[in-house]
Amino acid sequence: MNKSDSIKNIAIAMCKAQGEMGGASKSEENPFFKKKYADLKEVVKAVKEPFSTNGLSYVQFPIEESGRIGIETILMHDSGEWLSHSFTVQCSKQDAQGAGSAITYCRRYSLQAVAGIPSEDDDGNAASKGKAISAGDQQWIDAIRSGNDALESINDPKHRAYIKGLL
């Protein structure tokens, strides 16, 4: 991973954006494994608005390293701070179609990883319906949405030390 000298602003923005994001919907069927998966469109849909409202954006560039095809993903903040990482895979087919499939695969997983979002777990979502959010968890959710002043007001030494470490 590479990063700008400071990541203070991007860390705060990501914290807020992740508080707004859900999982990427599993809308596509993989006929080989007979399982549903979240395609690139669903991953982009999950991050687009939370990124935008928190000053975040991303770009992804196709790359080739030692015969492997992949993506360099750059996460950017409107302060000028950034994070980047490359992800490559070995192509199963050594042609344009194989490269295109590898690039799409890498784009999807790289964006999910940088955003910190999972694919929706249908079984897990069904099992957790109706589960109440604890008062402590709700305090953190509200503070993340409100900003730094609210985060400073939380009297939880363990989590406060973690947040201060990011700042």
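What you see is a predicted model; the values in this text were computed from it and never measured. All residue numbers in this chain count up from 1 along the given sequence.
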- Would you find a donor on one side and an acceptor on the other, under 3.5 Å apart, between the side chain of Ser84 and the backbone of Thr73? no

- Message: When you measure from the side chain of Gln112 to the backbone of Val43, do you find a donor-acceptor pair of N or O atoms at a distance under 3.5 Å?
- Response: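 Side chain of Gln112 to backbone of Val43: no pair is present.
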
If you measure from [atom1] on [X] to [atom2] on [Y], what distance do you get to the nearest 0.5 Å?
{"X": "Asn9", "Y": "His77", "atom1": "CG", "atom2": "NE2", "answer": "5.5 Å"}
{"X": "Ile71", "Y": "Phe87", "atom1": "CD1", "atom2": "CZ", "answer": "10.0 Å"}
{"X": "Met21", "Y": "Asn54", "atom1": "CE", "atom2": "CG", "answer": "8.0 Å"}
{"X": "Ile10", "Y": "Asp78", "atom1": "CD1", "atom2": "CG", "answer": "9.5 Å"}

What's the shortest heavy-atom distance between [X] and [Y], and which atoms?
{"X": "Gln18", "Y": "Gly116", "result": "NE2-CA, 3.8 Å"}
{"X": "Gly22", "Y": "Ala46", "result": "O-CB, 4.2 Å"}
{"X": "Cys91", "Y": "Gly98", "result": "SG-O, 3.8 Å"}
{"X": "Ala115", "Y": "Val47", "result": "CB-CG1, 3.5 Å"}
{"X": "Gln60", "Y": "Ser110", "result": "NE2-CB, 4.0 Å"}

- Under the side chain to side chain contact (heavy atoms under 4.5 Å, CB included) criterion, do Ile74 and Phe61 qualify, and how do the steps go? CA-CA 9 Å; Ile74 305 171; Phe61 297 100; 3.9 Å; yes

- Message: Test side chain to side chain contact (heavy atoms under 4.5 Å, CB included) on Met76 and Leu56; report intermediate values, then the result.
- Response: CA-CA 6 Å; Met76 301 168 290; Leu56 297 164; over 6 Å; no

Linked, directly or transitively: [X] and [Y] (ILVMFWY side chains, under 4.5 Å):
{"X": "Trp82", "Y": "Met1", "result": "no"}
{"X": "Leu83", "Y": "Val59", "result": "no"}
{"X": "Val44", "Y": "Val114", "result": "yes"}

- Message: Taking atom CD as the centre, does Glu49 end up with more than 12 heavy-atom neighbours from other residues, nucleotides or ligands that are less than 6.0 angstrom away?
- Response: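 Open.
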
- Query: Which residues pass the side-chain contact (heavy atoms from CB on, under 4.5 Å) test with Asp95, sequence neighbours left out?
  - Reply: Lys93, Gln97

- Return the set of residues passing side-chain contact (heavy atoms from CB on, under 4.5 Å) with Ser86 (not counting sequence neighbours), or none when no residue passes.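 For Ser86, the residues satisfying side-chain contact (heavy atoms from CB on, under 4.5 Å) (neighbours in sequence not counted) are Ile63, Glu65, Glu72.
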
- Can you check side chain to side chain contact (heavy atoms under 4.5 Å, CB included) on Leu75 and Met14, steps first, answer last? CA-CA 10 Å; Leu75 176 66; Met14 279 299 293; 3.7 Å; yes

- Query: Going by heavy atoms in the side chains, are Cys106 and Val89 under 4.5 Å from each other?
  - Reply: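 Of all side-chain heavy-atom pairs linking Val89 with Cys106, at least one is under 4.5 Å.
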
- Determine, stepwise, if the pair Tyr58 / Leu111 fulfils side chain to side chain contact (heavy atoms under 4.5 Å, CB included). CA-CA 9 Å; Tyr58 70 94; Leu111 183 55; 3.6 Å; yes

- By side chain to side chain donor-acceptor pair (under 3.5 Å) - contacts of Thr88 (at least two apart):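 Checked Thr88 against side chain to side chain donor-acceptor pair (under 3.5 Å); matches are Arg68.
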
- Report yes or no: do Glu81 and Ser4 form a side-chain donor-acceptor pair below 3.5 Å?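 No, because no side-chain N or O of Glu81 sits under 3.5 Å from a partner of the opposite role on Ser4.
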
